[in-house]
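To start, the structure under review is shown below, and the notes come after it.
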Amino acid sequence: MLLNQLATFLLIDQSSIVTVLIIVTVFFGILLLLGIRKSYKLKKENERLDEINRKIAEEKEKPYQDFTEGHMYGGDN
C-alpha cells in the first residue's frame, strides 16, 4: 500500500506533461521567430553598409581635382 502511494505520487499526469510541452514549444517558437527577425535586420543593415562602402570606394577612385584654382589664396594669382 505504501509502495502504491509512492508510485502514484511520483507519476506525473498526462495533462501536466502536455501543458509543459506546449509551454516549452511556445517559448522556443518565440525565440526562433525573434532570431529570424534579428537575422533579417542584420542582413538589411549589412546591405546598407556595403552600399555605403561601395560609394566611398568609388569616391576614392576618382582623380583628385584641384579646387583651389581661381581662389584668392590659390597657386596662380
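All of these numbers come straight from a predicted model, not from anything done at the bench. The first residue in the sequence is number 1, and the count goes up from there.
- Remark: Leu21 engages Ile17 in a side chain to side chain contact (heavy atoms under 4.5 Å, CB included) (not counting sequence neighbours).
- When the salt bridge (Lys or Arg N to Asp or Glu O under 4.0 Å) test is applied to Arg48, the partners found at least two apart in sequence or on another chain are Glu45.
- Counting heavy atoms from C-beta outward, Asn53 and Leu49 have side chains that stay 4.5 Å or more apart.
- In this structure, Glu58 has no side chain to side chain donor-acceptor pair (under 3.5 Å) partners at least two apart in sequence or on a different chain.
- In terms of the side chain to side chain contact (heavy atoms under 4.5 Å, CB included) criterion, residue partners of Asp50 (sequence neighbours excluded) are, by chain and number, Asn46, Arg54.
- For Phe27, the side chain to side chain contact (heavy atoms under 4.5 Å, CB included) partners are Leu31, not counting sequence neighbours.
- For residues 28-42, the set of pairs meeting the salt bridge (Lys or Arg N to Asp or Glu O under 4.0 Å) definition, not counting sequence neighbours, is empty.
- Other residues sharing the hydrophobic cluster of Leu32, ordered by chain and number and joined by side-chain separations under 4.5 Å: Ile36.
- Evaluation of the side chain to side chain contact (heavy atoms under 4.5 Å, CB included) rule for Glu59 yields no partner, not counting sequence neighbours.
- Hydrophobic cluster of Tyr40: no remaining members, since no ILVMFWY side chain lies below 4.5 Å from it.
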